[in-house]
There are 2 protein chains.
Amino acid sequence: MIRKKRTRLPTGQARSAAQSLAFAPFAFWAAIAMRDQGLLDALERAGAEGLSEQALGEASGLSTYAVSVLTDFALDIGLIERNGERLALAALGSVLLNDELTRVNMDFTRDFAYHGMARLPEALAEERPAGLAHFGPWATLYEGLSELKDPAASSWFRFDQFFSERAFEALVPRIFERHPTHVVDVGANTGNLASRVLRHDREVQVTLVDLPDVLALAQQRLSDEGLADRIRLHPAQLLDPALELPAGADAMVMSQLLACFSEPEIVSILKRAVSAMGPETRLYIIELFPDVQIHDAARYSLNAISLYFTAMATGNSRFYRRDQLLPLLDQAGLKLESEHEQIGQGHSLLVCRRQD
Amino acid sequence: MIRKKRTRLPTGQARSAAQSLAFAPFAFWAAIAMRDQGLLDALERAGAEGLSEQALGEASGLSTYAVSVLTDFALDIGLIERNGERLALAALGSVLLNDELTRVNMDFTRDFAYHGMARLPEALAEERPAGLAHFGPWATLYEGLSELKDPAASSWFRFDQFFSERAFEALVPRIFERHPTHVVDVGANTGNLASRVLRHDREVQVTLVDLPDVLALAQQRLSDEGLADRIRLHPAQLLDPALELPAGADAMVMSQLLACFSEPEIVSILKRAVSAMGPETRLYIIELFPDVQIHDAARYSLNAISLYFTAMATGNSRFYRRDQLLPLLDQAGLKLESEHEQIGQGHSLLVCRRQD
């Protein structure tokens with residue numbers, strides 16, 4: 001379904017693509033069943049020779065009926081292929097089974113996003129994460145994160161961390177190029193980046209800024225790791241325009257933070273960052289820009305995930321395009337000092353200082 | 001997502017297809033929003049020149065943010081295309097807007113199937129329509145049809161009728177080639193076929209066999225049409241092996257009936273049909289066979305819909321492959337007299353008589 005070229009589809013092909021879209025949720029669940037009920041796994045073990053429907057029934061514990069109805073559609077969506085009377089794993093099925101990014105994304109949709117995404121039309125019309133009602137009565141997802149139950153919680157956190165971990169790996173050495181002694185992590189979440197920063201340098205102090213409930217999770221985690229003596233907590237609702245950010249840092253970090261806010265909110269947060277920055281402070285912004293991705297599939301995924309921000313996280317934010325975000329930095333009084341594309345998992349790093 | 005050839009995808013392409021599958025439900029709802037919130041419509045009116053994001057916002061009543069987050073993904077799934085700074089309708093978007101089959105299928109997924117399909121894995125494991133719990137505490141969908149509420153009810157009935165109407169058009173003249181005076185419609189549903197048969201010939205009598213609640217809807221409808229004086233009602237739970245079918249008919253019809261039953265149930269029903277048939281009685285069976293479709297998209301759709309039978313209708317039935325159904329006719333004591341492919345909307349008609 002990922003379009004590469006801007007060519008018009010012939011009507012027959014478009015009609016075919018339309019049926020694929022109409023039954024797209026069916027394809028999703030068929031893929032989940034093939035993966036979670038052991039069919040892909042059994043087929044991988046069987047190798048190129050494949051398995052009969054009967055053997056697949058024995059391996060999965062499913063009835064002859066269930067195997068036939070599921071595998072007939074799995075053939076259509078290309079998870080498996082026919083090898084005479086047998087069925088064998090296709091490349092797509094192998095990716096579903098073995099590729100970590102794919103697993104994280106599928107679990108996110110399965111456990112967290114599926115039902116709430118049905119409220120997308122309403123969310124778009126009202127700029128409100130209407131789909132969040134599936135889990136709780138929160139105005140934004142971030143208010144409810146600490147109350148989210150499994151499996152939604154664990155799949156959401158794995159999804160969130162999969163992307164951020166790869167960005168952090170690339171980010172931490174860059175921050176320390178300037179030998180900071182005090183780092184302010186704005187939107188510290190559960191302390192993943194703080195933990196990396198604190199472990200990278202035995203002297204550095206980190207101030208974590210986030211919602212109180214989220215900071216409680218971060219504090220617990222950093223205590224468990226024996227790092228809590230070098231942290232300060234700055235509980236804050238960033239949406240409050242009166243909230244000041246901690247001053248005097250050598251480095252401020254906003255990693256995948258701005259995607260959680262609307263454009264006017266971003267300008268407000270960045271202005272407060274500018275007020276807290278000295279002339280030598282550097283602000284490190286990490287974002288995922290759909291418009292600078294190398295692979296079509298990466299752009300597709302980011303634009304899809306943006307609709308989760310709409311329907312289930314904030315109602316008014318997204319993975320911004322680079323051409324949408326850069327003017328906001330300027331408006332807030334920041335100067336872009338350097339820009340690094342494709343760090344981490346398709347992330348961009350923007351290093352900024354005050355406009356002086 | 002519809003696979004045509006049995007070629008292995010290169011891993012990069014498979015990884016890309018996997019993300020498309022992981023976010024398939026997002027693509028579905030983005031398409032619904034583009035269609036239902038007036039964006040596709042506005043773009044069609046604008047023609048090849050297209051519209052700016054701003055003009056699209058004015059036409060749809062959506063904010064600049066909502067238009068940008070939705071159209072960025074709509075570009076990725078190929079509903080629209082870029083024309084310089086403007087956006088224009090692509091062939092796929094046009095099909096979503098104008099093709100009736102596509103609209104019926106999308107509405108079926110939107111209003112009826114979406115949430116229940118999430119129970120597919122459970123339904124496969126237990127051969128039970130677990131997803132039906134979304135609507136009511138029924139053992140099968142057919143028990144609950146008369147209680148189903150809108151919009152689920154109207155979208156389900158439109159979906160059901162879209163397929164059957166086209167089959168009936170082709171079927172009725174064939175039935176009357178043998179000048180029947182008494183037709184038994186097994187699985188008469190809400191009387192669509194009975195109505196056509198009664199209007200086709202002013203003398204013919206029709207006996208309708210179905211669940212009591214469904215027959216009540218059929219009777220009302222045929223009364224409204226002034227046809228009720230030539231009908232008999234035969235309320236019946238076909239799953240009950242003791243239930244006899246009405247004898248003495250010239251023609252018995254089972255139109256899209258067998259897909260609602262498991263293989264052993266089909267044999268049981270057909271055996272009872274044989275007991276009720278005389279040597280001159282003909283049984284007209286209409287089914288949709290995924291394995292004799294001309295178009296890949298038709299096979300794909302039928303195999304998808306089969307999973308709705310699993311998850312939300314019966315738990316143990318499907319659009320059977322021709323090679324699955326034909327042996328059951330023989331087992332039940334029927335002889336296939338003639339077979340007609342591609343009548344209606346990809347339907348097959350099997351004309352059978354008793355094995356004597």
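Just so you know, these numbers use all the heavy atoms, side chains as well, and skip hydrogens, waters and symmetry mates. Here is how names work: the chains are called A, B, and so on, in the same order as the sequence lines, proteins then strands, and each is numbered from 1. Predicted, not measured: the structure shown is a model, and the values here were computed from it.
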Completion exercise
Checked B/H115, B/M106, B/R110 vs chain A; the most non-hydrogen pairs under 4.5 Å come from B/H115
Practice task
Using a strict 4.0 Å threshold on nitrogen-to-oxygen distance, state whether B/R158 and B/D111 make a salt bridge.
Solution key: no
Fill in the blank from the handout: Comparing B/A30, B/A22, B/A31, B/A118 against chain A, the one with the most heavy-atom pairs below 4.5 Å turns out to be B/A118
Exercise for the section: To the nearest 0.5 angstrom, please state how far the OH atom of B/Y300 sits from the CD1 atom of B/I305. Expected result: 11.0 Å
Problem - Partner of A/Y308 by ring pair (Phe, Tyr, Trp, His ring centres under 6.0 Å), out of A/F319, A/F108, A/Y114 - result: A/F108
Exercise for the section: Please state whether the side chain, the backbone, both or neither of B/A311 comes within less than 4.5 Å of a heavy atom of chain A. Expected result: neither
Practice task
Let me know if A/S68 has heavy atoms under 4.5 Å from chain B in its side chain, its backbone, both or neither.
Solution key: both
Problem - Under 4.5 Å from any heavy atom of chain A - which part of B/L70 - result: both
Fill in the blank from the handout: Cut-off 4.5 Å, heavy atoms of chain B, and the answer for A/A298 is neither
Handout entry: Polar side chain donor-acceptor pair, A/E85 to A/S52, under 3.5 angstrom
Key = no
Problem - Note, A/L307 side chain near B/W29 side chain (heavy atom, < 4.5 Å) - result: no
Practice task
Answer with side chain, backbone, both or neither: which region of B/N105 has an atom nearer than 4.5 Å to a non-hydrogen atom of chain A?
Solution key: both
Practice task
Run the salt-bridge test on A/E100 and A/R166 with the 4.0 Å N-O cut-off and return the result as yes or no.
Solution key: yes
Exercise for the section: Using non-hydrogen atoms and a 4.5 Å limit, figure out which bit of A/Q324 sits close to chain B: side chain, backbone, both or neither. Expected result: side chain
Problem - Toward chain A, the part of B/E263 with a non-hydrogen atom under 4.5 Å - result: neither
Handout entry: B/E122 and B/R128 ion-paired at < 4.0 Å
Key = yes
Problem - Part of A/L124 within contact of chain B (heavy atom distance under 4.5 Å) - result: both
Practice task
State, without any angle test, whether A/T64 and A/Q54 hold a side-chain donor-acceptor pair at a distance under 3.5 Å.
Solution key: no
Completion exercise
dist B/R119:CZ -> B/E126:CD (nearest 0.5 Å) comes out at 8.5 Å
Practice task
For A/R299 and B/D72, run salt bridge (Lys or Arg N to Asp or Glu O under 4.0 Å): C-alpha distance rounded to whole Å, both residues' side-chain angles, the deciding distance at 0.1 Å, then the answer.
Solution key: CA-CA 9 Å; A/R299 188 192 62 240; B/D72 277 359; over 6 Å; no
Problem - Option that, when pairs with chain B are counted at under 4.5 Å, heavy atom only, ranks first among A/A66, A/A113, A/G61, A/P121 - result: A/P121
Fill in the blank from the handout: Looking only at B/S262, B/G93, B/A18, the option with the highest number of non-hydrogen pairs under 4.5 Å against chain A is B/A18
Exercise for the section: Give the member of B/V69, B/V67, B/V95 that has the highest number of heavy-atom pairs under 4.5 Å with chain A. Expected result: B/V69
Practice task
Could you tell me which of A/L62, A/L96, A/L101 has the largest number of non-hydrogen atom pairs under 4.5 Å with chain B?
Solution key: A/L101
Problem - Partner chain B: residue of A/T109, A/D36, A/L120, A/I32 with the largest heavy-atom pair count (under 4.5 Å) - result: A/T109
Completion exercise
Ranked by heavy-atom pairs below 4.5 Å to chain B, first place among A/T310, A/L302, A/N316 goes to A/N316
Practice task
Please state whether the side chain, the backbone, both or neither of B/R321 comes within less than 4.5 Å of a heavy atom of chain A.
Solution key: side chain
Practice task
Considering only heavy atoms and a distance below 4.5 Å, find which of A/S63, A/S60, A/A33 pairs most often with chain B.
Solution key: A/S63
Practice task
Find the distance between OG (A/S317) and OH (B/Y65) and round it off to the nearest 0.5 Å.
Solution key: 5.5 Å
